[in-house]
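A short write-up of the structure that comes next.
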Amino acid sequence: MSGRFHIITGGPGSGKTTLIQFLSTQGFHCMPETGRAIIIDEVAKDGSASPWADRAAFAAKMFTRELHAYKEAGSLQGQVIFDRGLPDIVGYLQLCGLDVPVALMHAAEVLRYADRVFIAPHWPAIYEQDTERQQSEDEAKATFEAMVHAYTSLGYQLVHLPLVSVEKRAAFIRSRIDA
């Protein structure tokens, strides 16, 4: 199962979500980013489990939702693209200087994705802040580096996405998934 679960990760504002939305129009099953959904939910209900209010609570919610997404993806046929995965939560907590819960680390080690993980580098030309993406460019770069560390420490091979159009990025990914 894990060989058909493909992750696209990287720092915020590097074109991941746009790319994943494009891939969904090409027939891929896509699992959306849980962090953005949690932020939207928390803001709507004036909750505190956001990255600017309670990072540990935010990570706990991401963990629960990522476990659900992984399970849901198991019922789908064919290739599945994830907008981030369990190792992203490990990287996020490490970036924040917070302890990684044993259950999360265990899940990240056991619930595997395809060995090659696509990582989008920081791309200043397209980076923008928005309601959910409040990180500075320096924080975006640091997040990218945290993802590099988290995924490589868990034994994944990183495939850096080129800084090209969404169509060319999609073709790049398709050529590596179909290989």
Side-chain angles (χ1 to χ4, degrees), residues 1-21 23 28-38 51 55-56 58-74 79-123 126-127 133 135 137-164 169-170 172-179:
M1 183 164 51
S2 65
R4 62 186 187 85
F5 288 1
H6 304 278
I7 291 181
I8 299 177
T9 189
S14 57
K16 297 177 310 301
T17 302
T18 299
L19 174 59
I20 291 165
Q21 289 169 346
L23 288 167
F28 285 97
H29 296 291
C30 297
M31 306 308 287
E33 181 183 0
T34 60
R36 183 172 281 265
I38 292 166
R55 291 177 171 179
F58 176 63
K61 283 190 175 230
M62 283 194 296
F63 180 37
T64 299
R65 288 194 185 189
E66 284 297 338
L67 287 175
H68 177 74
Y70 193 95
K71 182 179 178 182
E72 181 182 336
Q79 306 294 331
V80 181
I81 307 288
F82 287 77
D83 191 339
R84 302 191 178 277
L86 290 164
D88 281 82
I89 306 166
V90 172
Y92 171 74
L93 287 167
Q94 291 170 339
L95 178 66
C96 295
L98 299 171
D99 292 333
V100 177
V102 172
L104 169 57
M105 185 56 78
H106 178 73
E109 292 168 345
V110 173
L111 301 175
R112 302 293 292 180
Y113 304 85
D115 289 336
R116 288 185 291 186
V117 170
F118 299 99
I119 188 160
H122 180 66
W123 193 351
I126 67 167
Y127 180 80
R133 183 186 308 123
Q135 300 95 333
E137 283 203 55
D138 287 342
E139 290 170 318
K141 291 175 193 174
T143 301
F144 169 79
E145 293 301 327
M147 296 311 118
V148 167
H149 180 268
Y151 279 93
T152 56
S153 69
L154 286 164
Y156 289 99
Q157 174 192 356
L158 296 179
V159 178
H160 291 257
L161 293 175
L163 304 180
V164 294
R169 274 185 160 185
F172 178 87
I173 286 173
R174 287 187 78 95
S175 73
R176 276 131 187 101
I177 287 175
D178 295 339

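Residue numbers count from 1 along this sequence.
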Take Tyr156 and Arg112 through the side chain to side chain contact (heavy atoms under 4.5 Å, CB included) test and state the conclusion after the steps.
-> CA-CA 9 Å; Tyr156 289 99; Arg112 302 293 292 180; 3.5 Å; yes
May I ask you to establish whether Arg116 and Phe118 are in a cation-pi arrangement, using a distance under 6.0 Å from NZ or CZ to the six-membered ring centre and at most 45° from the ring axis?
-> no
Considering non-hydrogen atoms only, spot the tightest contact between [X] and [Y] and give its length.
X: Leu98; Y: Ala56; value: CD1-N, 3.9 Å
X: Gly91; Y: Ala146; value: O-CB, 3.7 Å
X: Phe63; Y: Ala103; value: CZ-O, 3.7 Å
X: Gly11; Y: Lys16; value: O-NZ, 2.9 Å
X: Leu104; Y: Leu86; value: CD1-O, 4.1 Å
X: Arg4; Y: Gly74; value: NH2-O, 3.4 Å

Going through the distances and angles, do Phe82 and Ile20 end up as a side chain to side chain contact (heavy atoms under 4.5 Å, CB included)?
-> CA-CA 8 Å; Phe82 287 77; Ile20 291 165; over 6 Å; no
Nearest 0.5 Å please: distance from the [atom1] atom of [X] over to the [atom2] atom of [Y].
X: Gln94; Y: Glu145; atom1: CD; atom2: CD; result: 13.5 Å
X: Met62; Y: Leu67; atom1: CE; atom2: CG; result: 12.0 Å
X: Ile38; Y: Glu33; atom1: CD1; atom2: CD; result: 9.0 Å
X: Arg65; Y: Glu72; atom1: CZ; atom2: CD; result: 12.0 Å
X: Met147; Y: Ile7; atom1: CE; atom2: CD1; result: 11.0 Å
X: Asp83; Y: Met31; atom1: CG; atom2: CE; result: 11.0 Å

Test item: Phe5 and Leu111 side chains (from C-beta on) under 4.5 Å apart, heavy atoms |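 SC-SC contact between Phe5 and Leu111 ruled out.
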Member of Ile8, Thr9, Leu161 meeting the side chain to side chain contact (heavy atoms under 4.5 Å, CB included) criterion with Ile119 |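 Considering Ile8, Thr9, Leu161, a side chain to side chain contact (heavy atoms under 4.5 Å, CB included) with Ile119 is found only for Thr9.
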Counting only heavy atoms not in His160, do more than 12 fall under 6.0 Å of its NE2?
-> yes
Do other residues, nucleotides or ligands put more than 12 heavy atoms under 6.0 Å from His29 NE2?
-> yes
Please determine which of Arg84, His68, Lys61, Glu66 meets the side chain to side chain donor-acceptor pair (under 3.5 Å) test together with Thr34.
->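 With Thr34 as partner, side chain to side chain donor-acceptor pair (under 3.5 Å) holds for just one option, Glu66.
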Show your working on side chain to side chain contact (heavy atoms under 4.5 Å, CB included) between Gln157 and Thr152 and close with a plain yes or no.
-> CA-CA 7 Å; Gln157 174 192 356; Thr152 56; over 6 Å; no
Donor-acceptor pair, Thr18 side chain versus Gly15 backbone, under 3.5 Å?
-> no
Arg55 side chain to Leu93 backbone, donor-acceptor under 3.5 Å =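 No, because the side chain of Arg55 does not come within donor-acceptor range (under 3.5 Å) of the backbone of Leu93.
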Take Phe28 and Ile177, measure what side chain to side chain contact (heavy atoms under 4.5 Å, CB included) needs, and give me the verdict at the end.
-> CA-CA 11 Å; Phe28 285 97; Ile177 287 175; 4.2 Å; yes
Do the ring planes of Tyr113 and Tyr70 sit parallel (below 30°), tilted (30 to 60°) or perpendicular (above 60°)?
-> perpendicular
